[in-house]
Amino acid sequence: MSKAIRVHEYGGPEVMRYEDVTVPEPGPGQIRVRQSAIGVNFIDIYFRSGAYKAPQLPFTPGNEGAGTVVSVGEGVTDFRVGERVAYGSAAGTYAEEVVINASAAVHLADGVEDTTAAAMMLKGLTAEYLLHRTYQVKAGDTILFHAAAGGVGLIACQWAKHLGATVIGTVGSAEKAELARANGCDHVILYRDEDFAARVKEITGGKGVPVVYDGVGRDTFPASLDCISPLGLFVSFGSASGPVDDFSLALLGQKGSLYATRPSLFAHAGKRETLDAMAKNLFSVVASGAVTIPVHAKAKLSEAPQVHTDLASRKTTGATVMIP
């Protein structure tokens with residue numbers, strides 16, 4: 001038997017139960033991993049609450065983790081028993097041992113620790129596709145990144161700075177502002193206290209930015225659109241404050257023929273060669289020290305309800321990792 005978090009009904013953090021489970025042997029195309037660290041993300045809250053529906057109830061939340069391969073299923077040739085792996089788009093990772101599709105895993109580079117990997121796979125790969133694939137950030141660009149002190153924000157702002165961009169970040173508190181400045185932000189706006197669209201216009205001399213990265217959702221919309229220069233891009237990649245409702249296409253025309261997209265990691269990581277390229281890019285900037293992964297909290301797997309409570313309050317910064 002092995003321990004895992006199980007959700008039998010959708011609801012608040014209290015619906016997560018720490019239970020004994022039987023871990024099956026991996027089927028064709030699968031690997032079984034003994035996890036050493038588990039990543040925690042906002043998407044886990046969406047599944048637990050029922051905002052996103054799991055394939056069935058009960059289920060084990062979690063997409064992210066790192067550990068050691070303990071067995072491989074039929075047809076798996078990329079991975080061997082004893083190898084270290086990490087993943088950001090698996091399923092059911094709130095567990096001591098997990099069976100995942102081999103297609104979701106990547107080999108863990110020697111210079112990257114398991115806890116770092118578990119903290120960065122989903123958030124780091126998200127930053128990778130946002131900065132390199134959704135919009136290709138280049139030297140001289142000025143970008144706006146909401147929730148700059150959050151898990152994705154701290155990685156993305158460092159990386160954008162490394163690419164030569166001027167980074168404007170929004171945060172919710174003075175403490176988070178300090179953190180954002182220390183992690184690549186040239187300008188920090190407290191979006192609860194200031195009109196961030198007006199500040200962006202001021203910083204950019206009235207031009208606006210070519211791209212806004214918005215993982216906040218309801219609280220920052222539609223003001224995000226007022227920050228974008230004509231023909232620019234609105235990237236909605238999360239909804240920490242709630243979903244953007246009633247999105248009007250006409251609004252994009254009124255605000256300057258803008259583009260809007262709602263990308264996901266799962267769509268990008270669906271191809272093995274793309275996932276490997278993204279992971280290689282991420283590992284290289286982390287191994288070089290250009291991007292550091294801030295793990296600001298560690299908790300036991302059994303403490304998952306409290307971890308979710310803290311994350312939902314948006315008091316946390318950086319990444320939280322659970323240790324089985």
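One is the number of the first residue; the rest follow in order along the sequence. Bear in mind that the values here come from a model prediction, so they are computed numbers and not experimental data.
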Cationic N near anionic O, under 4.0 Å, Lys3 to Glu96 = no
Measure from the side-chain N and O atoms of Glu194 to the backbone N and O of Leu190, and report whether any donor-acceptor pair falls under 3.5 Å.
-> yes
Give a yes or no answer on whether the side chain of Ser257 reaches the backbone of Gly253 with a donor-acceptor pair at less than 3.5 Å.
-> no
Sub-6.0 Å ring centroid separation between Phe79 and His107 = yes
Please confirm whether the backbone N or O of Ala90 pairs with a side-chain atom of Asn63, one donor and one acceptor, at under 3.5 Å?
-> yes
Locate the shortest heavy-atom distance separating Gly88 from Leu265; write the atom from each residue and the value.
-> O-CD2, 3.9 Å
Among Val209, Leu130, Val137, whose side chain to side chain contact (heavy atoms under 4.5 Å, CB included) with Ile143 holds?
-> Val137
With the side chain counted from C-beta on, respond yes when Arg6 and His8 share a heavy-atom pair under 4.5 Å apart, and no when they do not.
-> yes
Hphob cluster co-occupancy, Val99 + Ile5, side-chain heavy atoms under 4.5 angstrom | no
Any luck finding a side-chain donor-acceptor pair between Gln35 and Tyr94 under 3.5 Å?
-> no
Identify whether Ile100 and Val21 are in the same connected component of the hydrophobic contact network (ILVMFWY, side-chain heavy atoms under 4.5 Å).
-> no
Over all atoms of both residues, closest heavy-atom pair of Asp186 and Ala165 | OD2-O, 3.9 Å
Kindly check if the number of other-residue, nucleotide or ligand heavy atoms within 6.0 Å of CG (Asp245) is above 12?
-> yes
Trace of the side-chain contact (heavy atoms from CB on, under 4.5 Å) decision for Trp159 with Val285 | CA-CA 8 Å; Trp159 203 339; Val285 290; 3.6 Å; yes
Does the side chain of His308 pick up a donor-acceptor pair with the side chain of Arg48 at under 3.5 Å?
-> yes
First locate atom CG of Leu144, then atom CG of Asp214, and finally report the distance between them rounded to the nearest 0.5 Å.
-> 8.0 Å
Is there a donor-acceptor pair under 3.5 Å between the side chain of Glu128 and the backbone N or O of Gly124?
-> no
Between atom CG of Asp44 and atom CE of Met16, what is the distance when rounded to the nearest 0.5 Å?
-> 8.5 Å
Kindly indicate, with the supporting measurements, whether the criterion side chain to side chain donor-acceptor pair (under 3.5 Å) is fulfilled by Thr68 and Glu83.
-> CA-CA 6 Å; Thr68 306; Glu83 288 183 330; over 6 Å; no
Carefully, step by step, assess Leu282 and Val291 under the rule side-chain contact (heavy atoms from CB on, under 4.5 Å).
-> CA-CA 9 Å; Leu282 173 62; Val291 173; 5.8 Å; no
In Å and rounded to the nearest 0.5 Å, what is the SG to CG distance from Cys157 to Asn183?
-> 8.0 Å
What's the shortest heavy-atom distance between Leu131 and Ala156, and which atoms?
-> CD1-O, 3.5 Å
Atom pair NE2/CG of His296 and Asp310 - distance to nearest 0.5 Å | 14.5 Å
Any donor and acceptor pair, going by atom type alone, linking the side chain of Glu64 with main-chain N or O of Met121 inside 3.5 Å?
-> yes
Could you tell me whether Glu113 atom CD has more than 12 heavy atoms of other residues or ligands within 6.0 Å of it?
-> no
Determine whether Pro26 and Val72 make a side-chain contact, defined as any pair of heavy atoms from C-beta on separated by less than 4.5 Å.
-> no
Asn281 vs His132 side-chain heavy atoms within contact, under 4.5 Å = yes
Is Val106 linked to Met120 within one hydrophobic cluster, defined over Ile, Leu, Val, Met, Phe, Trp and Tyr using a side-chain heavy-atom separation of less than 4.5 Å?
-> yes
Do the side-chain N and O atoms of Tyr135 and Asp141 include a donor-acceptor pair separated by under 3.5 angstrom?
-> yes
More than 12 foreign heavy atoms under 6.0 Å from NZ of Lys207: is that the case here?
-> no
For the atom pair OG (Ser2) and CG (Asp20), what is the distance rounded to the nearest 0.5 Å?
-> 8.5 Å
Kindly say whether Ala104 contributes a backbone atom to a donor-acceptor pair with the side chain of Asn101 at under 3.5 angstrom?
-> no
Tightest non-hydrogen contact, residues Ala127 and Ile155, listed as CB-CG2, 3.9 Å
Could you tell me whether Arg34 atom CZ has more than 12 heavy atoms of other residues or ligands within 6.0 Å of it?
-> no
Got Val211 and Phe234 here, is their nearest side-chain heavy-atom distance under 4.5 Å?
-> no
Short question: side chain of Thr134, backbone of Tyr129 - any donor-acceptor pair under 3.5 Å?
-> yes
Taking all non-hydrogen atoms of both residues into account, name the closest pair between Ile228 and Pro210 and its distance.
-> CG2-O, 4.2 Å
If you measure from the Lys or Arg side-chain nitrogens to the Asp or Glu carboxylate oxygens, is any gap between Arg192 and Asp219 under 4.0 Å?
-> no
Crowding at CD, Glu14 (>12 non-hydrogen neighbours, <6.0 Å) = yes
Step through the shown structure and confirm whether more than 12 heavy atoms of other residues, nucleotides or ligands are within 6.0 Å of NZ on Lys201.
-> yes
Can we say Arg272 and Asp276 salt-bridge, meaning some charged N sits less than 4.0 Å from an Asp/Glu carboxylate O?
-> yes
Do you know the tightest heavy-atom contact between Asp226 and Ala197?
-> CB-CB, 3.9 Å
Using a cut-off of 6.0 Å, state whether more than 12 heavy atoms not belonging to Glu273 lie near its atom CD.
-> yes
Among side-chain atoms of His187 and Glu202, is any donor-acceptor pair under 3.5 angstrom?
-> no
Do the side chain of Thr292 and the main chain of Val286 share a donor and acceptor less than 3.5 angstrom apart?
-> no
Lys/Arg cation over aromatic Phe59: Lys53, 6.0 Å, 45° cone | no
Does Ser241 use its side chain to pair, donor to acceptor, with the backbone of Val216 at less than 3.5 Å?
-> yes
Step by step, would you call Arg32 with Val23 a side-chain contact (heavy atoms from CB on, under 4.5 Å)?
-> CA-CA 9 Å; Arg32 180 167 163 172; Val23 185; 3.7 Å; yes
Sorted by first residue and then second, give each ring-ring contact (aromatic ring centres under 6.0 Å, His included) pair with at least one member in residues 237-257; sequence neighbours left out.
-> Phe145-Phe237, Phe221-Phe247
Would a hydrophobic clustering, with Ile, Leu, Val, Met, Phe, Trp and Tyr connected at side-chain separations under 4.5 Å, put Val85 with Val98?
-> yes
Minimum side-chain heavy-atom gap Val40-Met322 below 4.5 Å = yes
Tell me, do Ile168 and Ile189 make a side-chain contact under 4.5 Å, heavy atoms counted?
-> yes
What do the steps show when you test Ser224 against His146 for side chain to side chain donor-acceptor pair (under 3.5 Å), and what is the final call?
-> CA-CA 9 Å; Ser224 282; His146 286 304; 2.9 Å; yes
For Thr116 and Val112, indicate whether the former's side chain and the latter's backbone hold a donor-acceptor pair under 3.5 Å.
-> no
Treating Ile, Leu, Val, Met, Phe, Trp and Tyr as nodes and any side-chain heavy-atom pair under 4.5 angstrom as an edge, say whether Tyr46 and Val152 lie in one connected cluster.
-> yes
Measure the CD1-OG distance between Ile323 and Ser302 for me, rounded to the nearest 0.5 Å.
-> 12.0 Å
